[in-house]
Amino acid sequence: MTIALTIVTDRPDAAVRALFGFSAARAPDWLAVISSIADLAGIPTGAPVLSLWFSDGSTIEAMWREERSSRSFDIDFQRHADRIADWLARRDAAERKYCAEACETGPAREEAGTVAADQPVAATSRPSAPPPAALPARAPQSSPLASKWS
């Protein structure tokens with residue numbers, strides 16, 4: 001898959017969590033997360049890049065500044081953040097649609113008789129105690145619980 005966005009950071013998991021809301025292990029295929037100085041040279045000139053820093057003056061941050069001054073990159077943070085928000089909204093809509101379709105087919109499966117008719121009904125545990133009787137509206141005045149606030 002083609003890389004559509006590269007994140008340069010000193011803490012990959014924190015960066016993906018901050019931008020996407022999930023761990024770097026679940027990052028989409030179109031995202032490259034770079035936290036190694038050696039990998040900076042592999043970013044194509046003109047590529048869309050977001051940089052996100054979690055410490056002051058890390059070595060990779062200093063090297064990224066040098067790389068950025070010697071080559072041109074698409075570093076429009078707001079545009080890239082908007083693209084991420086759009087992707088997340090589309091992903092969420094697709095998940096909602098999938099869940100709605102799954103919920104619609106659930107009752108249809110039950111109506112179709114996916115459970116064998118001769119299969120015994122699962123036994124449920126009986127209630128541990130009957131529900132309590134109605135409590136009096138006020139504690140009796142002789143009760144130790146009664147006070148001037150009752």
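This one's a predicted model, so the numbers in the text were calculated from it and none came from an experiment.
Side chains of Leu40 and Glu66 form no contact here, defined as non-hydrogen atoms less than 4.5 Å apart. Inter-residue side-chain proximity for Leu5 and His80 is flagged as met; some heavy-atom pair is nearer than 4.5 Å. Inter-residue side-chain proximity for Arg26 and Phe20 is flagged as unmet; no heavy-atom pair is nearer than 4.5 Å. Here the side chains of Arg91 and Pro28 are not in contact, with every heavy-atom distance at 4.5 Å or above.
Screening residues 41-64 for salt bridge (charged side-chain N to carboxylate O under 4.0 Å, His left out), with sequence neighbours left out, gives Glu61-Arg65. Residue pairs meeting the side-chain hydrogen bond (donor to acceptor under 3.5 Å, both in side chains) criterion with at least one partner in residues 37-55, sequence neighbours excluded, are Asp10-Ser55, Thr45-Arg71.
Note: the hydrophobic cluster containing Phe77 also contains Trp87 (ILVMFWY, side chain heavy atoms under 4.5 Å, direct or indirect links). Clustering ILVMFWY residues whenever any of their side-chain heavy atoms sit less than 4.5 angstrom apart, transitively, puts Ile75 in a cluster other than the one holding Trp30. Residues Ile7 and Leu88 are members of one and the same hydrophobic cluster, defined by side-chain heavy-atom contacts under 4.5 angstrom among Ile, Leu, Val, Met, Phe, Trp and Tyr. In this structure, Trp64 is a member of the same hydrophobic cluster as Ile37, with clusters built from ILVMFWY side-chain heavy atoms closer than 4.5 Å.
Annotation: the span from Leu52 atom CG to Leu19 atom CG amounts to 5.5 Å, rounded to 0.5 Å.
The minimum heavy-atom distance between Arg83 and Pro48, with the atom names listed, is NH1-CB, 3.9 Å.
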